[in-house]
Amino acid sequence: GAARAGPDAQSLSSGNSGYFRAKDPVGYYHLCYLGVAAEAAIGGTVAPMNSLGTFQLSDVIHSVAAESNPASTRSMLRLKLEVRMPGTVTCIARKDPGNVLAGDFSPGILYEGRSSLVVPPVEEGLDPEFPREFSLELPLVEYQRHGDPMRVWCLHSLAEDAVFPADSQGVSIPLQALEPSISSRPAFLWSSAKFRLILANTPAVAGKLLGLHAPALPFGWSREIAEEEGKQVLRYISPLGAATFEHPRYLEYLEGQRVDLCLGANASRALKVDADILTRTSDWFTADAEACFVCFWESASSFPHLLGKLEIRAQAPEHLLEVVGQFRSLVYRGSNLTLRLRYGSGTGRLLVLKKETYDSFGGNCQDLSLARRLEDEGDEETWEEQQAREWPTSRALQSVSSSSSGNCTNTPRKISDLKLIDAQALFPDSVWAEPNLNGGNCSDDFKLYWSADLQQTSVLGDKSRQRYILVTSNS
């Protein structure tokens with residue numbers, strides 16, 4: 001007879017085997033059959049088994065790879081999965097290689113990150129064995145400051161013991177090389193000032209949030225607003241009474257310690273990053289010297305991570321009105337007035353508004369909702385819709401008789417009838433003004449585009465949205 005039987009031979013009852021799982025490596029296998037159970041013996045059989053054919057042993061999860069667009073960042077892994085069967089796929093992320101077992105996917109075990117995907121049943125008419133492609137976002141618990149690749153393993157609910165990949169290395173997922181950064185506009189801030197935040201080096205994906213946070217102090221520490229050299233400053237007081245101007249947890253963070261400065265940050269108070277190709281908040285923050293740490297949520301389901309610390313002064317700038325060498329609270333029309341600032345940046349620009357105008361803006365120096373409305377309208381209206389609707393009319397600035405040269409006209413014209421020339425073509429050697437320099441305006445919705453070659457002519461424009469206004473003089 002045969003020398004031995006297969007090591008995992010199964011007994012049949014009514015033509016069926018008992019429930020069993022194949023844990024061998026993927027590949028092709030032969031199915032062998034012995035029709036009479038009595039012919040099998042311990043250590044061998046009295047009759048040989050015969051082949052019934054081959055079958056393929058494969059993984060339910062066909063592949064796991066890094067998504068390329070958008071790519072993974074230091075706070076979020078983006079995976080591309082190919083899965084053959086419906087069920088729930090759970091993936092975990094770890095920094096280091098190691099043996100990963102099915103128990104490591106139990107609820108409550110987080111490692112560096114964890115996420116799940118529900119794979120729906122195959123639609124009728126499609127090959128049920130063909131792997132389908134899915135995307136999965138896996139939020140990381142901690143921001144990966146060093147940017148080293150992460151390792152990922154996944155488990156399908158229909159293959160409870162078959163971790164994919166079946167090795168200790170996992171699937172390597174590279175992280176973004178450039179770190180995200182944050183800046184404010186305006187840059188000079190004090191408590192109660194209005195500002196927006198601008199993101200750099202993050203994927204252009206919807207759902208990003210930015211928020212301000214005041215981290216909890218260590219036990220025994222306190223904070224206070226004190227007066228030093230005539231101005232208010234924020235200080236942190238240690239249990240021994242020593243004062244420092246930096247948050248003690250932030251000092252630990254700068255030393256490289258494992259400190260979560262966004263622990264407890266409130267996502268419900270964060271603002272959406274929804275303007276300028278998903279790089280800027282359209283809504284405005286109100287500055288607070290204590291809540292100067294910027295926390296970033298890459299999606300609604302992600303963890304908050306620190307992006308930076310804003311320089312927010314506790315002391316607001318103060319103004320003095322100088323008339324004929326004397327400081328006054330009342331000034332006179334027609335008299336020379338000098339505005340003097342204390343606790344400012346030393347540079348910048350001043351704007352004087354009537355109180356009625358200031359009040360009409362809701363107690364602000366500009367209409368904070370104007371830019372948001374313009375952006376929303378631009379997103380909703382197509383070019384065809386713009387041409388179809390009623391346009392405002394434009395008139396020549398000079399007063400000229402209607403019988404004058406036909407090259408100019410005083411009659412109303414649709415703006416859409418005018419010839420549009422790209423600003424770059426009009427001023428090839430020009431540059432856009434930087435924030436806070438001559439040429440900006442109060443709301444900073446537009447910047448001045450000018451050239452020394454064309455005197456008394458410039459363009460106010462929003463370059464990112466290709467909206468331009470030509471400003472010229474006829475004198």
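Keep in mind it's a predicted model, so treat the numbers as computed, not measured.
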Does some side-chain heavy atom of [Y] sit less than 4.5 Å from a side-chain heavy atom of [X]?
X: F245; Y: Y236; answer: no
X: I182; Y: L199; answer: yes
X: K208; Y: K272; answer: no
X: V83; Y: H62; answer: no
X: L175; Y: L77; answer: yes
X: L138; Y: M76; answer: no
X: V89; Y: L81; answer: yes
X: L110; Y: V141; answer: yes

Is [X] reaching over with its side chain to a backbone N or O of [Y], donor-acceptor style, under 3.5 angstrom?
X: H156; Y: L158; answer: yes
X: R114; Y: G108; answer: no
X: D288; Y: S191; answer: no
X: R84; Y: V60; answer: no
X: Q315; Y: Q232; answer: yes
X: D167; Y: G170; answer: yes

Legend entry - Pair V171-V64, side chain to side chain contact (heavy atoms under 4.5 Å, CB included): steps then yes or no: CA-CA 7 Å; V171 178; V64 176; 4.1 Å; yes
Heavy atoms only: give me the nearest [X]-[Y] pair and the separation to one decimal.
X: E290; Y: A214; value: O-CB, 3.5 Å
X: Y111; Y: A93; value: CB-O, 3.4 Å
X: P304; Y: C295; value: CB-CB, 4.4 Å
X: C91; Y: V152; value: CB-CG1, 4.2 Å
X: Y250; Y: L261; value: CD1-CD1, 3.7 Å
X: A270; Y: W297; value: CB-CZ3, 3.7 Å

Can a donor-acceptor pair be found between the side chains of [X] and [Y] at a distance below 3.5 Å?
X: D274; Y: S282; result: yes
X: Q144; Y: S75; result: no
X: R235; Y: T244; result: no
X: D260; Y: Y143; result: no
X: H30; Y: S51; result: yes
X: T281; Y: D283; result: no
X: S116; Y: T88; result: no

Would you compute the distance between atom [atom1] of [X] and atom [atom2] of [Y] and round it to the nearest 0.5 angstrom?
X: N99; Y: D104; atom1: CG; atom2: CG; answer: 9.5 Å
X: F164; Y: D59; atom1: CZ; atom2: CG; answer: 5.5 Å
X: K80; Y: L136; atom1: NZ; atom2: CG; answer: 13.5 Å
X: L210; Y: S184; atom1: CG; atom2: OG; answer: 12.0 Å
X: R249; Y: L217; atom1: CZ; atom2: CG; answer: 8.5 Å
X: E224; Y: I237; atom1: CD; atom2: CD1; answer: 4.0 Å

Legend entry - Within 45° cone and under 6.0 Å: R145 NZ/CZ vs Y253 ring: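 Relative to the ring axis of Y253, which defines the angle, R145 lies inside both limits.
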Is the closest basic N to carboxylate O distance between [X] and [Y] below 4.0 Å?
X: E298; Y: R78; value: yes
X: E82; Y: R132; value: no
X: E252; Y: R258; value: no
X: E112; Y: R94; value: no

Inset, instruction - Would you check, one step at a time, whether the test side chain to side chain contact (heavy atoms under 4.5 Å, CB included) holds for S115 with L117? - result: CA-CA 7 Å; S115 187; L117 167 73; over 6 Å; no
Inset, instruction - Begin with the C-alpha distance, continue with both residues' side-chain angles, and end with the deciding distance and a verdict on side chain to side chain contact (heavy atoms under 4.5 Å, CB included) for N50 and Y33. - result: CA-CA 5 Å; N50 290 287; Y33 177 56; 5.9 Å; no
Legend entry - Plane angle bin for H247 and F293 - parallel if under 30°, tilted between 30 and 60°, otherwise perpendicular: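 Perpendicular, since the angle between the ring planes exceeds 60°.
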Inset, instruction - Would you please classify the geometry between the F195 ring and the F285 ring as parallel, tilted or perpendicular, with 30° and 60° separating the classes? - result: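 Rings of F285 and F195: parallel, as their planes differ by under 30°.
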Legend entry - Steps toward side chain to side chain contact (heavy atoms under 4.5 Å, CB included) verdict (L306, V294): CA-CA 6 Å; L306 180 72; V294 180; 5.6 Å; no
